[in-house]
Amino acid sequence: MSEGLSDPRAMRALAHPARLMILNRLGLEGSATATEVAEIAGITPSAASYHLRMLAKYGFVEDASPRGDGRERLWKSVNKPISVGVKPGDHPDVRDAKVTLMLAFRREAHEEADRALAAVEGEPDEWRDVTRFNRMRIRVDAEEMAQLNESIEKLIEPYLIANRDEEAAPSGVRVAEVQLNLFPVAKRPTPGLPTEDHDAAG
């Protein structure tokens, strides 16, 4: 399995919301110009060019083969998995950068799920029936959770966009998203009893 990101500068560079949107656009739809990704991110082409150069600096994107007359610069994602996880021996600067990036990932994932939920009623029956927003509690030790994570990733791997050519896939395929979170449950803070019964007031 991948060791994950460890360069705090790279992680902070990637945590920018516009850069995450740009990277997702390139991974989903293939190579694009700065102008094309600017529309997705809602920024100017010059700002998109800057963000693309920063993503390239840290190895997340690279130049793509030119199209047409070759005048426009095309970019593509490097197509390698991006993973990040906090480790016991992390330097505080590395740990802070990892947490910043993971929070950015979570915000983007929440937004993606919210859009899907808002649109679910308009989906055809076959897609609405297979859409799931599940939350389950499990009882495992650390080794079992690691094995479970690895097994789930192996199950999903053949279906990843990077691994499955659209033309070779069955007709009717669409892009779908898997959001996988495995974490030990943290103790929920207890607010305590209120000093007044506000619910009864009024």
Side-chain angles (χ1 to χ4, degrees), residues 1-2 4-5 10-44 47-48 51-52 54-55 58-61 75-86 97-138 145 148-166 169-170 172-186:
M1 293 181 67
S2 171
L5 296 173
M11 289 185 282
R12 290 195 181 96
L14 184 56
H16 191 289
R19 291 173 193 163
L20 286 174
M21 283 189 276
I22 289 171
L23 196 61
N24 281 340
R25 158 62 178 83
L26 294 176
L28 180 62
E29 299 182 41
S31 60
T33 65
T35 299
E36 289 166 345
V37 299
E39 294 177 6
I40 294 293
I43 56 178
T44 65
H51 289 313
L52 283 162
M54 289 298 292
L55 288 168
Y58 293 106
F60 298 113
V61 303
W75 300 86
K76 65 179 182 179
S77 68
V78 297
N79 243 350
K80 64 180 180 183
I82 296 174
S83 63
V84 58
V86 175
K98 285 182 174 182
V99 171
T100 297
L101 181 54
M102 286 189 287
L103 288 172
F105 283 162
R106 291 300 313 139
R107 281 193 298 271
E108 190 178 45
H110 277 303
E111 290 171 3
E112 195 73 53
D114 286 346
R115 282 193 296 273
L117 185 58
V120 72
E121 286 302 320
E123 291 286 359
D125 288 347
E126 66 268 24
W127 286 101
R128 190 167 59 245
D129 290 346
V130 295
T131 297
R132 294 288 181 272
F133 294 92
N134 287 341
R135 182 182 174 195
M136 294 169 278
R137 292 287 173 97
I138 57 178
M145 194 155 88
L148 180 60
N149 189 59
E150 189 171 347
S151 297
I152 294 171
E153 288 181 352
K154 284 181 178 178
L155 182 65
I156 295 168
E157 190 173 1
Y159 303 98
L160 293 175
I161 288 175
N163 298 339
R164 196 177 208 199
D165 185 79
E166 186 174 0
V173 294
R174 288 176 55 179
V175 173
E177 177 158 322
V178 177
Q179 294 192 7
L180 173 62
N181 299 292
L182 281 174
F183 53 86
V185 173

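It should be emphasised that the depicted structure is a prediction, and the values quoted were computed from it without experimental measurement.
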Please name all residues satisfying side-chain hydrogen bond (donor to acceptor under 3.5 Å, both in side chains) with [X], sequence neighbours left out, ordered by chain then number.
X	answer
Arg12	Asp93
Glu126	none
Thr35	none

task: Let me see the working for Glu111 and Arg107 under salt bridge (Lys or Arg N to Asp or Glu O under 4.0 Å), right down to the final yes or no.
output: CA-CA 6 Å; Glu111 290 171 3; Arg107 281 193 298 271; over 6 Å; no

Apply salt bridge (Lys or Arg N to Asp or Glu O under 4.0 Å) to [X] and list each qualifying residue two or more places apart in sequence or on a separate chain.
X	value
Arg115	Glu112
Asp125	Arg128
Arg174	Glu123
Glu157	none

task: Would you please test Val78 and Val61 for side chain to side chain contact (heavy atoms under 4.5 Å, CB included) and show each step?
output: CA-CA 5 Å; Val78 297; Val61 303; 5.5 Å; no

Would you say that [X] contacts [Y] through its side chain, given a criterion of any heavy-atom pair below 4.5 Å between the two side chains?
X	Y	result
Ile22	Ile40	no
Glu153	Asn149	yes
Thr131	Leu117	no
Leu26	Leu52	yes
Trp75	Leu55	no
Leu5	Phe60	yes

If you round to the nearest 0.5 Å, how far is [atom2] of [Y] from [atom1] of [X]?
X	Y	atom1	atom2	answer
Lys76	Leu23	NZ	CG	13.5 Å
Leu28	Ser77	CG	OG	10.0 Å
Met11	Tyr58	CE	OH	11.0 Å

query: Of all residues at least two apart in sequence or in a different chain, which pass the ring-ring contact (aromatic ring centres under 6.0 Å, His included) check with His16?
result: His51

statement: Residue pairs meeting salt bridge (charged side-chain N to carboxylate O under 4.0 Å, His left out), one or both in residues 33-44, sequence neighbours left out, come to Glu36-Arg67

- prompt: Can you name the side chain to side chain contact (heavy atoms under 4.5 Å, CB included) partners of Asp114, sequence neighbours left out?
  reply: none

- prompt: What residues form a side chain to side chain contact (heavy atoms under 4.5 Å, CB included) with Ala116, not counting sequence neighbours?
  reply: Phe133

task: Report the C-alpha separation of Val37 and Ile43 in whole Å, then their side-chain angles, then the decisive distance to 0.1 Å, and conclude whether the side chain to side chain contact (heavy atoms under 4.5 Å, CB included) test is met.
output: CA-CA 9 Å; Val37 299; Ile43 56 178; over 6 Å; no

Closest heavy-atom pair and its distance - [X], [Y]:
X	Y	result
Thr100	Ala15	CG2-CB, 4.0 Å
Met145	Pro184	CE-CD, 3.9 Å
Arg164	Tyr159	NH1-CD2, 3.8 Å
Ala109	Gln179	O-NE2, 2.8 Å
Ala48	Ala34	CB-O, 3.4 Å

- prompt: Donor-acceptor pair, Arg19 side chain versus Ala13 backbone, under 3.5 Å?
  reply: yes

task: Could you tell me whether a side-chain N or O of Lys98 sits under 3.5 Å from a main-chain N or O of Gly85, the two making a donor and an acceptor?
output: yes

message: Under the criterion side chain to side chain contact (heavy atoms under 4.5 Å, CB included), I'd like the reasoning laid out for Leu14 against Val84: C-alpha separation, chi angles, the key distance, then a yes or no.
response: CA-CA 12 Å; Leu14 184 56; Val84 58; over 6 Å; no

task: Show the numbers, then the answer: is there a side chain to side chain contact (heavy atoms under 4.5 Å, CB included) between Leu20 and Phe105?
output: CA-CA 8 Å; Leu20 286 174; Phe105 283 162; 3.6 Å; yes

Sequence neighbours excluded - side-chain hydrogen bond (donor to acceptor under 3.5 Å, both in side chains) pairs with any residue from residues 22-32: Asn24-Glu108

